[in-house]
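Counting starts at 1 for both ligands and their atoms, following the listed order.
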Amino acid sequence: MELLLWLWSQFLSCWNNLPALGIALTVFALLFDFMKRRKSWSHYPPGPASLPFIGTMLQIDFHNPHLSFNQLSKKFGNIFSLQNCWNNLVVLNGFKAVKEALIQKSEDFADRPPFPIYEHLGYGENAEGLVVAKYGHAWKEQRRFALSTLRNFGMGKKSLEQRITEETGFLCSAICSEEGHPFDPHFLINNAVSNVICSLVYGERFDYVDKKFQRLLRLLEQAMNEEAGFLPQFLIVVPWFLRIPGVPQTVFRCQKAVWDFIDELVKEHEATWNPTQKRDFIDAFLQEMKTKEHAESSFNDSNLRMVIFDLFSAGTETTSTTLRWALAYMLLHPDIQRKVHEEIDKVIGRDRSPQMEDQANMPYTNAVIHEIQRYADIVPVGMPHVTYRDTELQGFFIPKGTTVIANLSSVLKDETVWEKPHQFYPEHFLDANGQFVKREAFLPFSAGRRVCLGEQLARMELFLFFTSLLHRFTFQHPEGQARPREDGHFALTLSPHPYQIQAVPR
Ligand code: HEM
Ligand SMILES: *[C@@H]1O[C@H](CO)[C@@H](O)[C@H](O)[C@H]1NC(C)=O
Ligand SMILES: *[C@@H]1O[C@H](CO)[C@@H](O)[C@H](O)[C@H]1NC(C)=O
């Protein structure tokens, strides 16, 4: 008690002495900062000097971040460090560094940064799904389950192929009904790609004009733009503000709406659920929940919601964006489009639709699709990783818990690897005899433990959609309209600016 009184009197006397209070507070703050900021490890990757509290954030021009990053890698090399407030960040550039981290030391780099928005949105438990899940038991269980369930529905097998082929049919009919007039392909492609995920997760495709479907697509797109905004990004870096009541619900309004939508879909399934019949992913998950009702199981309602959200958000925008780039490049390179047409006519002919088996006999088309993914570079800096334990990379020490950005763009455009890194050049994937060649530095899906879970599905979709579209149509850019731009628009993914297209039936 006496101590308290003494402290109180000291505090009051401070008020009479404002400059001293100021000094005391500053010293205290700097001490606090000193304790929170990084230790001076030996062999830690070099980087710009970091200031109290803000770290190196002033070094990055947020309007032109890639310019700042280019300067930093020129000055400090392929592996450099930054500090966002008190969060240590290491950036890896070039195939060599990224390969060593993601492939050779895969587990060391397999963790994710904390992603605190979910618990603050009023769903309580911290179920993390797949994409943002920390590296551990729940992630492993969910990832294994998702991969095997999608495979049983045909990932790599016939029935998934049929689902995609069915959807390509609907897409081609919808494009046909544009009757050769100019249109923006964004809407139709998005619908078709989302429908593939709908069909897997929910067991049904939707009509493109279905009201419920339209609402889902709108919400997903808004949720994504929402997350890419400045305020949300800021809240992810400084999550403390999320504790203010109402803030998360306001800033992540669309995200919350998507979850509520998913809850509706799950409820419908529960009502019509029949344990002897697995219609889709939701059914398989419900089954798992019933059979694994013990404490360590990650099969619960909140994880179901998160996993479905992840499949939709990671599985639609990415594939749809790649296909929109694909058509844009076909407008920009009519000679390449002509060669794809020739190969289609030779291998498939006009009497049947393309199927996965054709891929092996279509090296040119396959190379074009790979080059589309390489050149479009739609997830330029991948998803952030975190070191799972202390590790070493090319002689540098990187402690456990460091955020690591593996720059995929720097791999897909690595000047020491590719013959023409900054040109659209399908020959990157062809040998002198015109046969398809795999390239090690082709990492649009990233690599290692956290490699894209949907890679097989996405590759199948890209081949079937792209080949079916070119099987049916010649794509042209409308007379008098601007050509599609080659630079992208960045919001989590790098997507083409809107453009108009004319589809002439062949
Ligand atoms: C062209 C299409 C696609 C591209 C370019 C792409 C790219 C990526 C990339 C770069 C990552 C981050 C990997 C890392 O952290 O190192 C990722 C993760 C992921 N992707 Fe994809 N993706 C595509 C399609 C899909 C599809 C169709 C699905 C759905 C089935 C999907 C589901 C996921 C999931 C669940 C993760 C998180 C994996 C984890 O953290 O364990 N992706 N994707
Ligand atoms: C659901 O599972 C996740 C992952 O194991 C866990 O973090 C979460 O607390 C669980 N939620 C409930 C309601 O049990
Ligand atoms: C990633 O690599 C690209 C291409 O080399 C470069 O322009 C960009 O600035 C890099 N980004 C980061 C975060 O280093």
Give the residue and atom name of whichever protein heavy atom lies nearest to atom 2 (O) of ligand 3, and the separation in Å to one decimal. Asn407 ND2, 2.4 Å

Just do the salt bridge (Lys or Arg N to Asp or Glu O under 4.0 Å) check on Arg112 and Glu128 with the steps written out, would you? CA-CA 11 Å; Arg112 290 271 194 237; Glu128 297 171 311; over 6 Å; no

Heavy-atom proximity to atom 2 (C) of ligand 1, picking from Leu462, Thr318, Leu408, points to Thr318

Would you say His385 has any N or O atom under 3.5 Å from an N or O of ligand 1, going by distance alone? yes

Think Lys140 forms a cation-pi with Tyr135, using NZ or CZ under 6.0 Å from the six-ring centre and within 45 degrees of its axis? yes

Please identify each residue that fulfils side-chain hydrogen bond (donor to acceptor under 3.5 Å, both in side chains) with His471, with sequence neighbours left out. none

With Ser298 as partner, the option from Glu288, Glu141, His137, Lys292 fulfilling side-chain hydrogen bond (donor to acceptor under 3.5 Å, both in side chains) is Glu141

Thr56: which of Leu82, Leu72, Leu89, Leu51 passes side-chain contact (heavy atoms from CB on, under 4.5 Å): Leu82

Test your reading of the structure: does Arg143 have an N or O sitting under 3.5 Å from an N or O of ligand 1? yes

Counting heavy atoms under 4.0 Å, the part of Glu455 that contacts ligand 1 is neither

Nearest non-hydrogen contact to atom 12 (C) of ligand 1 from the set Met383, Gln456, Met460, Gln373 belongs to Met383

Please compare Ser68, Ser410, Gly94, Ser73 and report which has the shortest non-hydrogen distance to atom 5 (O) of ligand 3. Ser410

For residues Trp418 and Phe429, establish whether the separation of their ring centroids is below 6.0 Å. yes

With a cut-off of 6.0 Å (strictly less than), are more than 12 heavy atoms of other residues, nucleotides or ligands near NE2 of His422? yes

Under 3.5 Å: N/O of Trp139 near N/O of ligand 1: yes

Crowding at NZ, Lys290 (>12 non-hydrogen neighbours, <6.0 Å): yes

Those atoms of ligand 2 less than 4.0 Å from some heavy atom in Ser302: 11 (N)

Specify the protein heavy atom at minimum distance from atom 7 (O) of ligand 3: its residue, its atom name, and the distance to 0.1 Å. Asn70 OD1, 3.0 Å

For Glu371 and Lys420, what are the C-alpha separation, side-chain angles and deciding distance, and is it a salt bridge (Lys or Arg N to Asp or Glu O under 4.0 Å)? CA-CA 11 Å; Glu371 182 66 356; Lys420 301 187 179 179; over 6 Å; no

Closer than 4.0 Å to some heavy atom of Val91 - which atoms of ligand 3 meet that? 14 (O)

Trace of the salt bridge (Lys or Arg N to Asp or Glu O under 4.0 Å) decision for Glu167 with Arg205: CA-CA 8 Å; Glu167 199 56 47; Arg205 70 175 293 282; 2.7 Å; yes

Examine the proximity of ligand 1 to Asp310 and report which part, side chain or backbone, both or neither, has a heavy atom under 4.0 Å away. neither

Sidechain-backbone polar pair: Asp358 side chain, Gln355 backbone, donor-acceptor under 3.5 Å: yes

Taking only heavy atoms of Ala138, which atoms of ligand 2 are found under 4.0 Å from at least one of them? 4 (C), 5 (O)

Can you tell me if NZ on Lys134 sees more than 12 non-hydrogen neighbours from other groups inside 6.0 Å? yes

Between Ser446 and ligand 1, does any nitrogen or oxygen pair lie at a separation below 3.5 Å? yes

Report the part of Cys452 in contact with ligand 1, treating N, CA, C, O as backbone and CB onward as side chain, heavy atoms under 4.0 Å; options are side chain, backbone, both, neither. both

Any heavy atom of Arg112 closer to ligand 1 than 4.0 angstrom? yes

At less than 4.0 angstrom from any non-hydrogen atom of Pro444, what atoms of ligand 1 do you find? 5 (C), 7 (C), 10 (C)

With a cut-off of 4.0 Å, which atoms of ligand 2 are near a heavy atom of Asn303? 2 (O), 3 (C), 4 (C)

Using a strict cut-off of 4.0 Å, indicate which atoms of ligand 1 neighbour a heavy atom of Ala458. 2 (C), 24 (C)

Counting only heavy atoms, which portion of Thr322 has something under 4.0 Å from ligand 1: side chain, backbone, both, or neither? side chain

What about Ser297: any of its N or O atoms under 3.5 Å from an N or O on ligand 2? no

Taking the six-membered ring for Trp, are the ring centroids of His428 and Tyr375 within less than 6.0 Å of each other? no

Which one holds for Asn93 and ligand 3: side chain close, backbone close, both close, or neither close, with close meaning a heavy atom under 4.0 Å? side chain

